[in-house]
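Data block below; observations after.
One-based numbering along the sequence shown. It should be emphasised that the depicted structure is a prediction, and the values quoted were computed from it without experimental measurement.
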Amino acid sequence: MADDHSLLISGFSKILSSYGIKMIAKTTNPNEVAELYIESKPDVVLTDIKFGQDITGLDVVKNVIKIDPNAKIVVISQYDQIHNIKEAYSRGAKAFITKGCDEEHLISAIQSAA
């Protein structure tokens with residue numbers, strides 16, 4: 001999982017764990033995602049869309065798909081702007097959810113992507 005807020009990563013990890021899903025790698029730096037993907041080979045990547053840095057979650061999607069065209073990526077955002085949703089899917093994301101969704105929606109998105 002990649003998100004610029006470590007507290008959110010911890011919260012997501014606890015939620016996922018309660019559903020039997022293990023978070024095997026995490027980072028607050030979007031520049032580390034591609035390397036972590038190669039090292040950990042996750043079933044699904046969860047990435048925020050905005051990081052407050054030069055690279056965005058949309059760039060993360062693009063970079064991971066370059067490494068593995070079959071990568072399963074779920075984009076998580078505070079916002080549900082249609083242009084971001086379309087761009088996420090066009091770059092290779094398998095799902096797009098908002099941070100305001102309920103736990104079941106998060107789990108469903110991850111399971112669908114996997």
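Residue pairs meeting the side-chain hydrogen bond (donor to acceptor under 3.5 Å, both in side chains) criterion with at least one partner in residues 73-85, sequence neighbours excluded, are Q81-N84.
In the hydrophobic cluster analysis, where Ile, Leu, Val, Met, Phe, Trp and Tyr join through side-chain heavy atoms closer than 4.5 angstrom, L106 is grouped together with V74. Linking Ile, Leu, Val, Met, Phe, Trp and Tyr residues whenever their side-chain heavy atoms come within less than 4.5 Å leaves V75 and L8 in two separate clusters.
Taking both residues in full, the closest heavy atoms of Y89 and F96 are given as OH-N, 3.3 Å, listed atom of the first, atom of the second, then distance.
In this structure, the side chain of S13 does not engage the main chain of S10 through any donor-acceptor pair within 3.5 Å.
Judged as a side-chain contact (heavy atoms from CB on, under 4.5 Å), and not counting sequence neighbours, the contacts of S40 are I24, A25, P42. Applying the side-chain contact (heavy atoms from CB on, under 4.5 Å) rule to D43 yields no partners; only residues at least two apart in sequence or on another chain are considered. By the salt bridge (charged side-chain N to carboxylate O under 4.0 Å, His left out) test, K50 pairs with no residue at all, sequence neighbours left out. With sequence neighbours left out, D54 forms a side-chain contact (heavy atoms from CB on, under 4.5 Å) with no residue at all. Take E39 and apply the side-chain contact (heavy atoms from CB on, under 4.5 Å) test, not counting sequence neighbours, and it matches E35, L36. Considering only residues two or more places apart in sequence or on other chains, K41 meets the side chain to side chain donor-acceptor pair (under 3.5 Å) condition with none of them.
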**Message:** I55 vs F51, test: side-chain contact (heavy atoms from CB on, under 4.5 Å). Steps then yes/no.
**Reply:** CA-CA 7 Å; I55 187 170; F51 285 91; 5.7 Å; no
**Item:** Check against salt bridge (Lys or Arg N to Asp or Glu O under 4.0 Å), D3 and K26
**Value:** CA-CA 8 Å; D3 192 292; K26 56 191 170 193; over 6 Å; no
**Request:** Could you give me the CA-CA distance, side-chain angles and deciding distance for M1 and I76, then say whether side-chain contact (heavy atoms from CB on, under 4.5 Å) is met?
**Result:** CA-CA 10 Å; M1 178 169 188; I76 303 167; 4.0 Å; yes
**Asked** What do the steps show when you test I9 against T28 for side-chain contact (heavy atoms from CB on, under 4.5 Å), and what is the final call?
**Response** CA-CA 8 Å; I9 292 174; T28 57; 4.1 Å; yes
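Rounded to the nearest 0.5 Å, atoms CD1 (I97) and CG (L46) are 7.0 Å apart. The CD1 atom of I49 sits 12.0 Å away from atom CG of D4, with the distance rounded to the nearest 0.5 Å. Put simply, CZ on F12 and CG on L7 are 11.0 Å apart, with the number rounded to the nearest 0.5 Å.
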Name each donor-acceptor pair under 3.5 Å that joins a side chain in residues 56-72 to protein atoms two or more places apart or in another chain, with its distance.
unit_1	atom_1	unit_2	atom_2	d
T56	OG1	L58	N	3.1
T56	OG1	D59	N	3.2
T56	OG1	D59	OD2	3.3
D59	OD1	R91	NH1	3.3
D59	OD2	T56	N	2.9
N63	ND2	D59	O	3.3
D68	OD1	N70	N	2.9
D68	OD2	Y37	OH	2.5
K72	NZ	N70	O	3.0

Check residues 14-23 and write down every donor-acceptor pair under 3.5 Å in which the side-chain atom is one partner and the other belongs to a residue at least two apart or another chain.
unit_1	atom_1	unit_2	atom_2	d
S18	OG	I15	O	2.6
Y19	OH	E103	OE1	3.4
Y19	OH	E104	OE2	3.1

